[in-house]
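Chain naming here is simple, since letters A, B, ... match the order of the sequence lines and numbering starts at 1 in each.
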Number of protein chains: 2
Amino acid sequence: MEVTVIQNPLERLLGYQLRRASAAMLADLAEALADIGLSVTEMSVLMQIEANSDITQSEIGRILAIKRANMAPMTASLLERGLVAREAADGRSQALRLTDEGRTACAEAGRRIAAHEAKFLSDLVGAERDALIALLSRVWSGEQAKR
Amino acid sequence: MEVTVIQNPLERLLGYQLRRASAAMLADLAEALADIGLSVTEMSVLMQIEANSDITQSEIGRILAIKRANMAPMTASLLERGLVAREAADGRSQALRLTDEGRTACAEAGRRIAAHEAKFLSDLVGAERDALIALLSRVWSGEQAKR
DNA sequence: TATTGTTATACTCTATAACTATA
DNA sequence: TATAGTTATAGAGTATAACAATA
């Protein structure tokens with residue numbers, strides 16, 4: 001009897017493993033945030049504002065690698081939904097802050113993120129987890145150096 | 001003097017590190033393959049055919065998590081460009097094989113991938129590299145179990 | 001002049017739905 | 001009926017270019 005075993009030549013590549021692992025976590029997180037009406041990117045933006053009050057949308061874009069042009073409609077949507085407020089700062093800059101509603105959404109998102117992360121890290125001990133994250137950080141250290 | 005240190009609260013999350021590391025490698029690989037006219041996805045498909053002659057496009061889609069509907073135009077393009085040939089197999093299935101030109105492109109892509117991977121893995125010793133890839137594989141083991 | 005924010009637009013990926021052909 | 005392949009299409013996400021407002 002003849003058996004053809006299908007093998008995937010990409011499996012030993014770091015880039016491939018990163019892509020698949022990243023996509024799997026992204027899909028799970030998107031699902032976890034869906035019913036509070038936040039996309040993963042929107043949640044990321046809210047968390048930047050929470051941690052850095054009065055940050056500008058351009059700065060958030062630089063941190064998260066989102067182009068200025070793409071930050072505009074996202075910021076507009078968060079303002080319109082009452083999650084974020086802004087006021088004039090320097091030049092054309094607008095300082096962003098969370099509203100009470102934004103803080104509430106952020107807190108709920110934080111709990112869901114913690115559960116989501118725990119699900120994927122459950123069989124790693126703390127040291128392995130830290131080592132993995134440190135290794136990943138080195139993978140894109142070139143990007144980080146640009147800032 | 002007042003200094004505001006901007007900090008990124010996402011930095012300690014596995015999901016975030018995966019996304020950034022994956023995006024960095026993907027962009028680098030896309031650039032490395034650009035002048036041989038292959039996208040990263042096209043290269044991935046060619047390598048599946050090289051490693052598994054007479055595979056069908058549906059099977060490739062299952063391995064790489066590409067929907068059948070999205071495999072169709074990609075296969076058509078690879079056929080049209082003379083990189084892949086096909087012949088009727090079972091039912092509506094079409095067995096795919098690399099042409100000589102496809103094999104040549106695949107070999108060149110393989111060399112570029114090796115250089116690209118080495119660039120990102122250069123400061124990891126072999127054991128670290130293997131451990132990292134094994135850890136990543138566990139991150140999306142849920143997806144793999146579905147196959 | 002350099003930076004911020006905005007608009008328009010295009011391209012790639014990805015997703016669903018509907019259809020045909022074959023076992 | 002289940003599977004393979006195709007087509008059309010819609011939605012993200014991301015890219016560039018051009019413009020106005022401000023230091």
Side-chain angles (χ1 to χ4, degrees), chain A residues 6 16 19-20 22-31 33-34 37-45 48-49 54-80 84-96 143 147, chain B residues 6 15-16 19-20 22-31 33-34 37-45 48-49 52 54-80 84-96 143 147:
Chain A
I6 293 186
Y16 178 75
R19 193 181 187 177
R20 297 303 300 265
S22 174
M25 286 200 73
L26 204 54
D28 184 81
L29 182 54
E31 197 187 332
L33 297 178
L38 289 178
S39 72
V40 173
T41 309
E42 286 166 344
M43 171 279 291
S44 305
V45 168
Q48 297 304 322
I49 300 172
D54 288 346
I55 195 173
T56 67
Q57 66 188 58
S58 287
E59 269 181 301
I60 297 173
R62 277 191 292 273
I63 295 171
L64 297 179
I66 303 172
K67 294 259 180 293
R68 231 170 48 247
N70 299 323
M71 280 301 298
M74 170 144 20
T75 306
S77 169
L78 295 173
L79 286 166
E80 193 191 4
V84 167
R86 72 178 173 188
E87 65 177 68
D90 196 53
R92 288 204 70 183
S93 298
Q94 307 274 310
L96 301 176
E143 295 292 318
R147 292 196 51 237
Chain B
I6 294 185
Y16 179 74
R19 192 180 186 179
R20 297 303 300 266
S22 174
M25 286 200 71
L26 204 53
D28 185 81
L29 182 55
E31 197 188 331
L33 298 177
L38 289 179
S39 72
V40 173
T41 309
E42 285 166 346
M43 171 279 290
S44 306
V45 168
Q48 298 303 324
I49 300 171
N52 304 285
D54 289 345
I55 195 172
T56 67
Q57 66 188 60
S58 286
E59 268 181 302
I60 296 172
R62 277 191 291 273
I63 295 171
L64 297 179
I66 302 172
K67 295 255 179 297
R68 232 169 49 244
N70 298 324
M71 281 299 300
M74 169 145 19
T75 306
S77 169
L78 294 173
L79 285 166
E80 192 191 4
V84 167
R86 70 178 174 188
E87 63 176 71
D90 195 52
R92 287 204 72 184
S93 298
Q94 307 276 308
L96 301 176
E143 296 292 318
R147 291 194 54 238

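- Residues forming a side chain to side chain contact (heavy atoms under 4.5 Å, CB included) with S39(B) (at least two apart in sequence, or on another chain): T41(B), E42(B).
- Listed by first and then second residue, the side chain to side chain donor-acceptor pair (under 3.5 Å) pairs that reach into residues 64-74 of chain A come to none, sequence neighbours excluded.
- L79(A) places its CG atom 11 Å from the P atom of dG5(C), with the value rounded to the nearest Å.
- Put simply, CD on Q94(B) is 19 Å from P on dT20(C), counting in whole angstrom units.
- Annotation: side chain to side chain contact (heavy atoms under 4.5 Å, CB included) contacts of D28(B) (sequence neighbours excluded): H116(B), K119(B), F120(B).
- One atom, CD of E31(A), and another, C1' of dA15(C), lie 15 Å apart when rounded to the nearest Å.
- Between V40(A) and Y16(B) the shortest side-chain heavy-atom distance does not fall below 4.5 Å.
- Under the side chain to side chain contact (heavy atoms under 4.5 Å, CB included) criterion, T75(A) pairs with Q57(A), M71(A), L79(A), R86(A), L96(A), sequence neighbours left out.
- Between the P atom of dT6(C) and the CD atom of E80(A) lies a distance of 13 Å, rounded to the nearest Å.
- In this structure, the CE atom of M74(A) is 12 Å from the P atom of dA12(D), given to the nearest Å.
- The D90(B) side chain lies nearest to dA23(C) when the options are dA23(C), dT6(D), dT6(C).
- If one axis is set at each end of the helix from dT1(C)-dA23(D) to dA23(C)-dT1(D) from five pairs, those axes are 10° apart, to 10°.
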Treat primed atoms plus P, OP1 and OP2 as sugar-phosphate and everything else as base, then score nucleotides 13-20 of chain D 5' to 3': B for base contact with protein heavy atoms under 4.0 Å, S for sugar-phosphate contact only, - for none. -BBBB--B

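- S44(A) OG to R19(B) CZ: the interatomic distance, rounded to the nearest 0.5 Å, is 6.0 Å.
- Under the side chain to side chain contact (heavy atoms under 4.5 Å, CB included) criterion, A24(B) pairs with W140(A), E143(A), not counting sequence neighbours.
- Within the 4.5 Å cutoff, no side-chain heavy atoms of N52(B) are placed close to those of E59(B).
- Within the structure, a side-chain polar atom (N or O) of S58(B) is placed less than 4.0 Å from OP1 or OP2 of dG5(D).
- The distance between atom CE of M71(B) and atom C1' of dA8(D), rounded to the nearest whole Å, is 19 Å.
- Distance CG (L26(A)) to C1' (dC13(C)): 13 Å, rounded to an integer number of Å.
- D54(B) pairs by the salt bridge (Lys or Arg N to Asp or Glu O under 4.0 Å) definition with R97(B), not counting sequence neighbours.
- Contact between the side-chain N/O atoms of R62(A) and the OP1/OP2 oxygens of dT4(C) is found at a separation under 4.0 Å.
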